[in-house]
2 protein chains.
Amino acid sequence: MPDETDLTTQRVRNPWGQGDRLRTEILDAAVRLLSELGGAEALTIRGVARAAGIAPASIYQHFADKAALVRGVVEYDYERLSAVMREADESADTDDVVGRVRAQMHAYCRFAIANPGHYRLMLGNRRVAREPDGRPRGPLVPVVESVAAAFERCERAGARLRLPSDRAAVMVFVGTHGRVALFHSGRADEDADRILQFVDELISLVVE
Amino acid sequence: MPDETDLTTQRVRNPWGQGDRLRTEILDAAVRLLSELGGAEALTIRGVARAAGIAPASIYQHFADKAALVRGVVEYDYERLSAVMREADESADTDDVVGRVRAQMHAYCRFAIANPGHYRLMLGNRRVAREPDGRPRGPLVPVVESVAAAFERCERAGARLRLPSDRAAVMVFVGTHGRVALFHSGRADEDADRILQFVDELISLVVE
DNA sequence: GCAATCGCCGAACAATCGTTCGGCAACTGT
DNA sequence: ACAGTTGCCGAACGATTGTTCGGCGATTGC
């Protein structure tokens with residue numbers, strides 16, 4: 001009955017409820033390690049175990065192998081990113097429709113700047129997940145869908161877009177992503193405000 | 001007199017002319033290996049030696065250590081990229097000023113698609129190079145300067161830009177880079193034409 | 001109170017990594 | 001023709017990697 005491998009995160013054993021505490025502790029330790037040190041190559045079984053204060057062998061009771069650990073970390077971080085962007089969208093002024101787009105993208109930038117290791121990990125692992133109907137579904141498809149919804153609101157509120165709302169969302173998201181990626185492969189001491197300025201410039205290029 | 005370490009590429013020994021042949025053969029083998037397999041972690045001393053058909057120890061007569069090899073590969077690839085973009089710019093129709101921008105960015109995309117390993121390597125290594133006067137000088141500063149020159153030509157030719165020419169160049173380059181980065185972290189079977197279409201959409205958003 | 005179960009760990013395994021050393025073969029200068 | 005130099009390689013070293021195995025201590029069920 002054990003060894004019930006969950007296909008989404010390759011969780012193994014431990015399907016009895018409260019025992020997941022150490023599992024999230026492992027993930028937290030991995031994220032912490034990934035933020036302090038540089039990239040994905042810093043994510044080693046021994047390193048995560050040391051950061052979590054447990055033995056390397058103990059990790060294998062929560063993750064089948066290292067690939068499963070990496071998948072778990074990626075999924076964990078995407079959840080955090082989605083939550084941050086959703087929160088920024090909801091806590092913005094409801095009347096300022098384009099301001100809600102800005103809030104979302106600013107949250108995206110702040111998250112990307114604060115979690116450089118997450119980016120290295122994401123850029124290093126190809127995702128080939130697909131919907132049951134065959135349509136592709138990467139982990140940040142819901143993110144750009146959220147941006148697309150914000151742009152749709154702009155359109156309904158009468159804002160003039162230079163692109164269809166879905167294309168506008170892709171344009172803004174891709175541009176922002178490119179700016180952040182360039183930040184991460186460039187100097188670490190660059191001013192974070194520059195990035196937010198770029199995002200504003202990009203949005204104002206699309207929206208009016 | 002040996003061990004004359006060249007600071008730009010950390011070349012070591014072998015300053016007698018023709019002996020550089022094997023050095024470029026090593027770099028070619030590294031690029032080949034980097035293109036076939038995935039990312040920067042595939043770039044091992046033993047792997048490069050095997051791909052070049054030589055012994056692992058022989059590499060140390062052309063590069064001081066692995067870091068020097070990586071620096072050499074990165075520099076080598078940036079030179080190839082610059083050459084490809086310059087060639088695309090020069091061989092385009094001289095009268096079609098915005099067409100020359102498109103040609104440059106399309107060349108950038110084609111190079112990035114054809115050399116995925118180069119991207120992984122670039123995104124994984126922070127560059128902190130600076131000019132003698134203290135201004136930062138990343139390896140792709142000349143690239144965006146080339147795009148900026150093309151946009152300046154557009155401005156002089158009477159094309160209406162929605163941004164100052166230097167900001168327009170940054171916008172187009174960053175957006176293109178983001179699209180390519182997303183391609184590399186997404187499905188490998190994505191149609192390359194999609195990316196070129198996106199670049200055209202981005203340019204037409206800036207130029208008119 | 002006893003036996004079974006379960007999470008955890010210390011230790012070891014094989015593989016691979018970057019790197020060094022000593023010697024071999026070929027070329028050079030005289 | 002000989003001695004010296006030089007590029008290259010086979011073999012090894014130490015470190016680190018992912019992973020497995022056997023047992024220990026605590027908790028659970030009866």
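Just so we're on the same page: letters track the sequence lines, and every chain starts at 1.
For residues 46-58 of chain B, proximity to DNA chain C is found at B:Arg46, B:Ala57, defined as any non-hydrogen atom under 4.0 angstrom from a strand atom.
Rounded to a whole Å, the NZ atom of B:Lys66 is 4 Å from the P atom of C:dG18. The separation between B:Gln61 atom CD and D:dT5 atom P is 16 Å, rounded to whole Å. As a whole-Å value, the separation of B:Tyr60 OH from C:dG22 P is 17 Å. For the pair B:Ile45 CD1 and D:dC9 C1', the interatomic distance rounds to 15 Å; values are reported in whole Å. A:Glu41 places its CD atom 12 Å from the P atom of D:dG18, with the value rounded to the nearest Å. Distance A:Leu69 CG to D:dT17 C1': 14 Å, rounded to the nearest Å. For B:His62 and C:dT19, the NE2 to P distance is 16 Å, given to the nearest whole Å. Note: CZ (B:Phe63) to P (D:dC8) measures 12 Å, nearest angstrom.
Under the 4.0 Å criterion applied to side-chain N and carboxylate O atoms, B:Arg21 and B:Glu25 are assigned as salt-bridge partners. The pair A:Arg167-A:Glu155 fails the salt-bridge criterion, with no side-chain N (NZ, NE, NH1 or NH2) lying under 4.0 Å from an Asp/Glu carboxylate O.
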Could you pull out every donor-acceptor pair under 3.5 Å between side chains of residues 46-59 of chain A and any protein atom, sequence neighbours left out?
none

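At the phosphate of D:dG18, OP1 or OP2 sits under 4.0 Å from a side-chain N or O atom of A:Thr44.
The aromatic rings of A:His184 and A:Tyr119 are tilted relative to each other, their planes meeting at an angle between 30° and 60°.
Residues satisfying the side-chain contact (heavy atoms from CB on, under 4.5 Å) criterion with B:Ser82, sequence neighbours excluded, are B:Arg86, B:Val143.
The two residues A:Met171 and B:Leu205 make their nearest non-hydrogen contact at CG-CD2, 4.1 Å.
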